[in-house]
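Start at 1 with the first residue, then count along the sequence.
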Amino acid sequence: MDARIVAGSLALLLAAAPALAQDASRVSLIDRPAPALDKLPKDAYGELVRYGYELSTRTFAFIGPEVQNRKMRFAGNNLACTSCHQNDATKPFAMPWVGVSATFPQYRAREDAISTVEERVNGCMERSMNGKPLPLDSHEMKAFAAYIHYVSRGVPIGARVEGAGTKPITVPNRRADLAAGEAVYGAKCAACHGADGQGQRRGKAGDAEGYVFPPLWGKDTFNNGAGMNRMLTAAAFIKHNMPQGTTHAAPVLSDDEAFDVAGYVLSQPRPIKAGLDKDFPARWNKPVDAAFPPYVDGASAEQHRYGPYPPLTELAKQRAEALKAAREAAASR
């Protein structure tokens, strides 16, 4: 090939590289087609992904507390992973798993350490599922990781994913109004989750068939160490995903209603996770709505539970800035 053509082509590629990199760093889940499992080959990878899908959507039937094989009772409640991670864990702003494989290993403030995808799965097993960790080399753990990998295909490492996590709300600068939240719950939530918050069973207790609509409090739901037990996470999730069928593009509840109903739901009893004092060992990066001690800002447990949060957020910002300045000063000596 003519050297001038090679040089010209190389120059074009180099010129285009920054633009390509910029495009590759942004991925939108909005209107992104959900991965089709029927297109998977019937090989070892395909079978593992399919099992991961079943584990995610029917967790209760494979590793729940009512399965016949007691050795497989890893989950401590009868929820499914997709009780929260909606649309088979692909729905934007419903804590989707799309792109997760491209973000791990990652630093996790809760452990103040670098965590793997498998460790993140077990975090949910112990908290959202109120159970115990899966063995890292188990078929089930490999299946979860394979399904997360499959739905993450096409998302480059380091990409900024639009639709990941939850979509924030404008947080009211006040304490959650539990009475107002109870009224919102009765009007918008009780039809599915029950006036008593115990959800709607598919069958009966003991049949390992889980729920049509999951319980939000009581013995068979997430424990107080789960991410959904944090007010700001719960309010953001509720605003953009509830009532059932709601999307971020057309929310039903206002920010205030989502905030208050989150407060009401989280004020109800639920399983208690031991050892929460070991969470966020760095302390300075502990979320302001992590409603368990120790606290480092002098605020009450009540404020960390129900707000107001803006003053706590400002204090946390000031602490982070002071820590950064101290580190920079130490490094310049």
Nearest-0.5 Å distance that lies between atom [atom1] in [X] and atom [atom2] in [Y]:
X: Tyr264; Y: Leu178; atom1: OH; atom2: CG; result: 9.5 Å
X: Thr221; Y: Leu79; atom1: OG1; atom2: CG; result: 5.0 Å
X: Asn224; Y: Asn229; atom1: CG; atom2: CG; result: 5.5 Å
X: Asp112; Y: Asp279; atom1: CG; atom2: CG; result: 11.5 Å
X: Ile148; Y: Arg153; atom1: CD1; atom2: CZ; result: 15.0 Å
X: Ile30; Y: Arg32; atom1: CD1; atom2: CZ; result: 11.5 Å

Under 4.5 Å between side-chain heavy atoms, counting indirect links through other Ile/Leu/Val/Met/Phe/Trp/Tyr residues: same cluster for [X] and [Y] or not?
X: Phe104; Y: Met125; value: yes
X: Ile238; Y: Leu232; value: yes
X: Met141; Y: Leu48; value: no
X: Met95; Y: Val98; value: no
X: Val117; Y: Leu134; value: yes

(Q) Working note: Gln106 + Ser115, criterion side-chain contact (heavy atoms from CB on, under 4.5 Å); need CA distance, chi angles, decisive distance, verdict. (A) CA-CA 6 Å; Gln106 68 171 227; Ser115 295; 5.6 Å; no
What's the shortest heavy-atom distance between [X] and [Y], and which atoms?
X: Ala316; Y: Val288; answer: CB-CG1, 4.3 Å
X: Asn130; Y: Asn223; answer: OD1-ND2, 3.0 Å
X: Thr57; Y: Asp88; answer: CG2-OD1, 3.5 Å
X: Tyr306; Y: Gly263; answer: CE2-O, 3.6 Å
X: Pro287; Y: Arg230; answer: CB-NH2, 3.4 Å
X: Val252; Y: Pro243; answer: CB-CD, 3.7 Å

Min side-chain heavy-atom separation [X]-[Y] under 4.5 Å:
X: Met231; Y: Phe259; result: yes
X: Leu55; Y: Ile63; result: yes
X: Tyr150; Y: Leu37; result: yes
X: Tyr147; Y: Trp97; result: yes
X: Tyr211; Y: Ser83; result: no
X: Phe93; Y: Gln86; result: no
X: Pro293; Y: Asp277; result: no
X: Pro308; Y: Gln303; result: yes

Taking atom types as modelled and ignoring hydrogens, do the side chains of [X] and [Y] form a donor-acceptor contact shorter than 3.5 angstrom?
X: Glu140; Y: Tyr51; value: yes
X: Asp220; Y: Asn77; value: no
X: Tyr107; Y: Asn285; value: yes
X: Asn241; Y: His248; value: no

**Q.** ring-ring contact (aromatic ring centres under 6.0 Å, His included) assessment of Trp217 paired with Tyr185
**A.** CA-CA 13 Å; Trp217 63 81; Tyr185 184 86; 5.3 Å; yes
Under 3.5 Å, is there a donor-acceptor pair between the side chain of [X] and the main chain of [Y]?
X: Arg127; Y: Gly225; result: yes
X: Ser254; Y: Glu257; result: yes
X: Glu314; Y: Pro311; result: no
X: Gln268; Y: Leu266; result: no
X: Asp196; Y: Gln198; result: yes
X: Asp177; Y: Ala180; result: yes

Q: Verify the neighbour count for atom CG of Asp43: are there more than 12 heavy atoms of other residues, nucleotides or ligands below 6.0 Å?
A: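 More than 12 within 6.0 Å, yes.
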Q: Tell me, yes or no, whether the heavy-atom count around Glu321 atom CD, taken from other residues, nucleotides or ligands under 6.0 Å, exceeds 12.
A: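 Above 12, so yes.
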Q. Got a salt bridge between Glu118 and Lys142, using NZ or NE/NH1/NH2 to carboxylate O under 4.0 Å?
A.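 Looking at Lys142 together with Glu118, the answer is no, because their closest N to O distance does not fall below 4.0 Å.
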Q) Linking Ile, Leu, Val, Met, Phe, Trp and Tyr through side-chain heavy atoms less than 4.5 Å apart, which residues share a cluster with Phe213? A)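 Reading the cluster by chain and number, Phe213 sits alongside Val212.
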Q) Is the NZ or CZ atom of Arg110 both under 6.0 Å from the centre of the six-membered ring of Phe280 and within 45° of that ring's axis? A)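 Judged by the rule, Arg110 and Phe280 form no cation-pi pair.
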Q) Does NZ or CZ of Arg270 lie under 6.0 Å from the centre of the six-membered ring of Phe222, at an angle within 45° of the ring axis? A)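 Checked: cation-pi criterion met.
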Q. Given Lys239, which of Thr166, Asp256, Asp255 fulfils the side-chain hydrogen bond (donor to acceptor under 3.5 Å, both in side chains) condition?
A.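 Per the side-chain hydrogen bond (donor to acceptor under 3.5 Å, both in side chains) rule, the option paired with Lys239 is Asp255, out of Thr166, Asp256, Asp255.
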Q) So Arg58 and Glu209, side-chain contact (heavy atoms from CB on, under 4.5 Å) or not? Walk me through it. A) CA-CA 8 Å; Arg58 301 181 64 238; Glu209 284 300 317; 4.0 Å; yes
(Q) Before you tell me yes or no, could you show the steps for Lys286 and Val296 under side-chain contact (heavy atoms from CB on, under 4.5 Å), namely the whole-Å CA-CA distance, both residues' side-chain angles and the distance that decides it to 0.1 Å? (A) CA-CA 9 Å; Lys286 185 176 182 179; Val296 296; over 6 Å; no
**Q.** Stepwise side-chain contact (heavy atoms from CB on, under 4.5 Å) check, Leu253 with Lys188
**A.** CA-CA 9 Å; Leu253 303 179; Lys188 303 292 185 181; 3.8 Å; yes
Q.
Could you work out, with side-chain contact (heavy atoms from CB on, under 4.5 Å) as the rule, every residue matching Lys42, not counting sequence neighbours?
A.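 Only Glu47, Arg50 meet the side-chain contact (heavy atoms from CB on, under 4.5 Å) criterion with Lys42.
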(Q) Going by salt bridge (Lys or Arg N to Asp or Glu O under 4.0 Å), Glu66 matches just one of Lys204, Arg73, Arg201. Which one? (A)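 Result: among Lys204, Arg73, Arg201, Arg201 is the only option passing the salt bridge (Lys or Arg N to Asp or Glu O under 4.0 Å) with Glu66.
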Q) Any chance the rings of His149 and Tyr45 have centres within less than 6.0 Å? A)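 Yes, the ring centres sit under 6.0 Å apart.
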